[in-house]
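Input: a single structure, listed below in structure tokens.
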Amino acid sequence: MFVSAAATAAVLDWGEMIRAVRAAYAVPHTPQTSVRAVARGDGTSIRGLVSAPPGSRCMGAKVFGVARARQVTYLLPLFDQETAELVAIVDALHITALRTAATSAVAVDRLADRRPATLGVLGSGAEAQAHVREIAAVRTLRGVRLFSPNPANRERTARELERELRVPCAAAARPADAVAGADIVVAAARSRDETPILDGEWLAPGVLLVSVGSTVPEQRELDVRSIEVCDLIVCDSVHEVANETGDFLAARAAGVAFADKLASLNDLVAHKLDARVAAARQPMYKSVGAAVQDVVIGEMAYRAAVERGLAAEIDARLEIKQL
């Protein structure tokens with residue numbers, strides 16, 4: 001069966017995605033549960049994220065290629081773990097933002113104070129918007145302040161989110177304005193030249209930082225100070241965060257010691273970090289994206305699309321995302 005990008009957007013539910021990701025991380029993972037590889041060409045790259053999630057029917061691999069024309073397509077084939085049958089091909093255009101935000105919401109639900117929160121957001125694209133919606137599913141929001149370097153984008157996104165969520169949402173003229181006074185800060189955008197968008201000096205004590213924008217060595221989102229001030233850093237993939245993200249490579253080069261701060265999302269969901277969470281003064285959730293998230297949400301989209309008659313016999317035309 002083929003599940004189009006439009007079908008995934010139509011059938012996926014915020015609460016159900018959060019519950020599915022939480023369940024996926026509630027069982028032990030091994031270093032082989034999710035792996036990734038990146039190949040680079042002349043102005044091109046292709047990345048593969050592969051997982052056989054414990055307890056799931058399906059295993060799969062999300063593959064996406066970035067072209068010189070600044071376009072990308074996302075392909076997620078799902079295989080039956082019992083029979084190796086190819087059961088579905090999913091156009092995963094929307095799945096990355098949705099599964100990333102759902103996973104962040106799982107982390108936020110364990111790391112953030114349960115009181116109503118003010119949310120500061122750096123970014124106005126699909127990732128940033130999905131994070132506002134998903135965090136609103138696990139916490140009551142008093143308000144949202146959102147920064148994007150494009151004034152029209154931030155104003156439009158703020159209006160749309162306020163109308164949808166019925167929460168005050170304001171566009172911030174500067175990134176520091178979005179961060180000031182926030183209880184939770186989401187960094188979900190990088191600058192064109194990979195200059196960090198977040199200054200750790202902006203973070204007040206007790207603020208929970210969620211960072212999802214820097215996932216490979218050449219990308220930057222957080223400055224070194226942001227990593228230095230956080231005393232508990234929960235990662236969806238500890239090894240990849242520490243050794244394959246530009247932010248943490250820069251921190252290591254600057255002499256910042258962070259190894260003892262790192263912990264896994266798997267352990268967080270399994271309540272193995274409760275004492276460390278209670279003692280943390282400045283927590284961070286850092287995501288590079290893991291294939292287990294893609295496969296779990298892709299399988300959910302496939303099953304829901306079949307039930308609703310939105311899956312088709314193989315029609316493998318992938319939609320193009322303009323960057």
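Counting begins at 1 with the first residue of the sequence.
- If you chain together hydrophobic residues whose side chains sit under 4.5 Å apart, Ile184 and Phe147 never meet in one group.
- More than 12 non-hydrogen atoms from other residues, nucleotides or ligands lie less than 6.0 angstrom from CG of Asp193.
- Residues Met59 and Ala52 share a closest heavy-atom pair of CB-CA, 3.8 Å.
- A salt bridge links Arg225 and Glu228; the closest N-O separation between the charged side-chain nitrogens and carboxylate oxygens is under 4.0 Å.
- Annotation: Arg166, atom CZ; neighbour count of heavy atoms from other residues, nucleotides and ligands within 6.0 Å does not exceed 12.
- Put simply, the side chain of Ser214 never gets that close to the backbone of Thr245: no donor and acceptor are under 3.5 Å apart.
- Between Pro283 and Tyr285 there is no side-chain heavy-atom pair separated by less than 4.5 Å.
- Interatomic distance, CG of Leu262 versus SG of Cys230, reported as 11.0 Å (0.5 Å rounding).
- In the hydrophobic cluster analysis, where Ile, Leu, Val, Met, Phe, Trp and Tyr join through side-chain heavy atoms closer than 4.5 angstrom, Val256 is grouped apart from Val234.
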**Request:** Go through Leu310 and Val3 one step at a time and tell me if the side chain to side chain contact (heavy atoms under 4.5 Å, CB included) criterion holds.
**Result:** CA-CA 7 Å; Leu310 296 177; Val3 183; over 6 Å; no
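- Using a 4.5 Å heavy-atom cutoff, the side chains of Arg99 and Val21 are not in contact.
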**Message:** Glu127 vs Thr96, test: side chain to side chain contact (heavy atoms under 4.5 Å, CB included). Steps then yes/no.
**Reply:** CA-CA 8 Å; Glu127 290 274 13; Thr96 298; 3.8 Å; yes
**Asked** Passes side-chain hydrogen bond (donor to acceptor under 3.5 Å, both in side chains), Ser148 versus Asn150? Steps please.
**Response** CA-CA 5 Å; Ser148 165; Asn150 186 311; 5.8 Å; no
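- Going from atom CD1 of Ile95 over to atom OH of Tyr74 covers 11.5 Å, rounded to the nearest 0.5 Å.
- For Ala158, the side-chain contact (heavy atoms from CB on, under 4.5 Å) criterion is met by Cys169, Ala171, not counting sequence neighbours.
- Distance check: Met17 CE to Arg19 CZ gives 10.5 Å after rounding to the nearest 0.5 Å.
- With contacts defined as side-chain heavy-atom distances shorter than 4.5 Å, the pair Arg303/Arg57 qualifies.
- Here Asp183 does not pair with Arg139 in a salt bridge; the nearest charged N to carboxylate O distance is not below 4.0 Å.
- Arg110 and Asp274 are not joined by a salt bridge, as no carboxylate oxygen comes within less than 4.0 angstrom of a charged side-chain nitrogen.
- Side-chain N or O atoms of Gln81 include one that pairs as donor or acceptor with a backbone N or O of Cys58 at under 3.5 Å.
- Remark: side-chain polar atoms of Lys272 are not paired, donor with acceptor, to backbone N or O of Ser264 under 3.5 angstrom.
- In this structure, NE2 on His131 lies 10.5 Å from CG on Leu98, to the nearest 0.5 angstrom.
- Salt bridge status for Asp113 with Arg115: present, with a side-chain N to carboxylate O gap under 4.0 Å.
- In this structure a side-chain-to-backbone donor-acceptor pair under 3.5 Å is missing from Arg133 to Leu161.
- Two residues are said to be in side-chain contact when any heavy atoms from C-beta on lie closer than 4.5 Å; Lys62 and Ser51 fail this criterion.
- Checking Ser287 against Asp236 by side-chain atom types alone, a donor-acceptor pair falls below 3.5 Å.
- Side-chain atoms of Asp223 come within 3.5 Å of backbone atoms of Gly200 as a donor-acceptor pair (strictly under, hydrogens ignored).
- Hydrophobic clustering (ILVMFWY, side-chain heavy atoms < 4.5 Å, transitive): Val224 and Leu249 are in distinct clusters.
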**Prompt:** Passes side-chain hydrogen bond (donor to acceptor under 3.5 Å, both in side chains), Arg154 versus Ser124? Steps please.
**Reply:** CA-CA 6 Å; Arg154 69 191 183 222; Ser124 63; over 6 Å; no
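- Considering every non-hydrogen atom in both Ser4 and Asp91, the closest pair reads C-CB, 4.0 Å.
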**Request:** Test side-chain hydrogen bond (donor to acceptor under 3.5 Å, both in side chains) on His94 and Thr8 and set out the steps.
**Result:** CA-CA 7 Å; His94 302 302; Thr8 64; 5.0 Å; no
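- Minimum heavy-atom separation, Thr33 to Pro54: CG2-CD, 3.8 Å.
- His239 contributes no side-chain N or O that, together with a main-chain N or O of Glu244, makes up a donor-acceptor pair within less than 3.5 Å.
- Between Leu198 and Leu209, some side-chain heavy-atom pair lies under the 4.5 Å cut-off.
- Transitive grouping of hydrophobic side chains (ILVMFWY, heavy atoms separated by less than 4.5 Å) brings Leu111 and Leu273 into a common cluster.
- Cluster annotation: Trp14 and Tyr25 are assigned to the same hydrophobic cluster (Ile/Leu/Val/Met/Phe/Trp/Tyr, side-chain heavy-atom contacts under 4.5 Å, transitive).
- Proximity of Leu78 to Tyr302: side-chain heavy atoms (C-beta onward) are separated by under 4.5 Å at one or more points.
- No side-chain heavy atom of Ser104 sits less than 4.5 Å from a side-chain heavy atom of Glu134.
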**Message:** Apply side chain to side chain contact (heavy atoms under 4.5 Å, CB included) to residues Val238 and Ile233 and explain how you reach the verdict.
**Reply:** CA-CA 9 Å; Val238 172; Ile233 303 173; over 6 Å; no
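- The distance from atom CG of Asp231 to atom NZ of Lys261, rounded to the nearest 0.5 Å, is 7.0 Å.
- Expressed to the nearest 0.5 Å, how far CZ of Arg142 lies from CG of Leu119 amounts to 11.0 Å.
- Ala280 and Leu232 get closest at one heavy-atom pair: CB-CB, 4.0 Å.
- Minimum interatomic distance between Ile18 and Ala105 (heavy atoms only, all atoms of both residues): CD1-CB, 3.8 Å.
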**Message:** Pair Arg252, Asn243 - check side chain to side chain contact (heavy atoms under 4.5 Å, CB included), show working.
**Reply:** CA-CA 9 Å; Arg252 180 179 289 130; Asn243 300 295; 3.6 Å; yes
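- A donor-acceptor contact shorter than 3.5 Å links the side chain of Arg308 to the backbone of Ala10.
- Closest approach of Trp202 and Ala176 over heavy atoms only: CE2-CB, 3.7 Å.
- In this structure, Gln282 contributes its side chain and Leu208 its backbone to no donor-acceptor pair below 3.5 Å.
- By the 4.5 Å heavy-atom criterion applied to side chains, Pro205 and Arg281 are not counted as neighbours.
- No donor-acceptor distance shorter than 3.5 angstrom exists from the side chain of Arg40 to the backbone of Asp42, with no hydrogens or angles considered.
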